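Before any comments, here is the structure.
Just so you know, these numbers come straight off a predicted model, no measurement behind them.
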Amino acid sequence: MLATVGAVLAARNDNAEILGVLDLTNRTEAKLGAIRLGNAIQFVANASVLGYDVRAAMVFYGEPGTPSLRAKDCEQLWAQYGVALLQP
């Protein structure tokens, strides 16, 4: 993951899409619209305390072919670079 930290930080204001998030309240896939990459990472990293299951979550951003981020990637990025990810 650390090899792509620079790319993620550079793209933190780009649009991202989150798929694979389960709303535990109604047991359906959460419908999340386009969101800034930094905010998407924050959401996935903290979603379990908000009542979501993100074990299958994937964050897509950038050009086609850009590797997606998994929940563990988001947790690590948020823990190390949280403030930087939210800066404009």
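Without hydrogens or angle criteria, Glu29 side chain to Gly20 main chain gives a donor-acceptor distance under 3.5 Å. Of the possible polar contacts, none joining the Arg12 side chain to the Arg36 backbone as a donor-acceptor pair under 3.5 Å is found. Of the possible polar contacts, one joining the Asp73 side chain to the Arg70 backbone as a donor-acceptor pair under 3.5 Å is found. Panel note: side chain Asn39, backbone Ile35; no donor-acceptor pair is recorded below 3.5 Å.
In this structure, the side chains of Cys74 and Val59 come closer than 4.5 Å at one or more pairs of heavy atoms. Residues Val5 and Val8 have side chains not in contact (no heavy-atom distance under 4.5 Å, counting atoms from C-beta outward). You'll find the side chain of Ile18 stays beyond 4.5 Å of the side chain of Phe60, heavy atoms only. Between Leu24 and Tyr52 there is no side-chain heavy-atom pair separated by less than 4.5 Å.
Interatomic distance, Thr28 OG1 to Leu22 CG, rounded to the nearest 0.5 Å: 7.0 Å. Once rounded to the nearest 0.5 Å, the distance linking CG of Leu85 with CG of Leu37 reads 7.0 Å. In this structure, the separation between CG on Leu86 and OH on Tyr81 is 15.0 Å, given to the nearest 0.5 Å. Going from atom CG of Asp14 over to atom CD of Glu63 covers 9.0 Å, rounded to the nearest 0.5 Å. Atom CE of Met58 is separated from atom CG of Leu19 by 7.5 Å, given to the nearest 0.5 angstrom. The CG atom of Leu69 sits 10.5 Å away from atom CD of Gln76, with the distance rounded to the nearest 0.5 Å.
Paired with Leu77 under the rule side chain to side chain contact (heavy atoms under 4.5 Å, CB included), one option of Val44, Ile41, Thr4 passes, and it is Ile41.
A pairwise comparison of heavy atoms in Val21 and Ala57 identifies CG2-CB, 4.0 Å as the closest pair. The minimum heavy-atom distance between Pro67 and Tyr61, with the atom names listed, is O-CE2, 3.7 Å.
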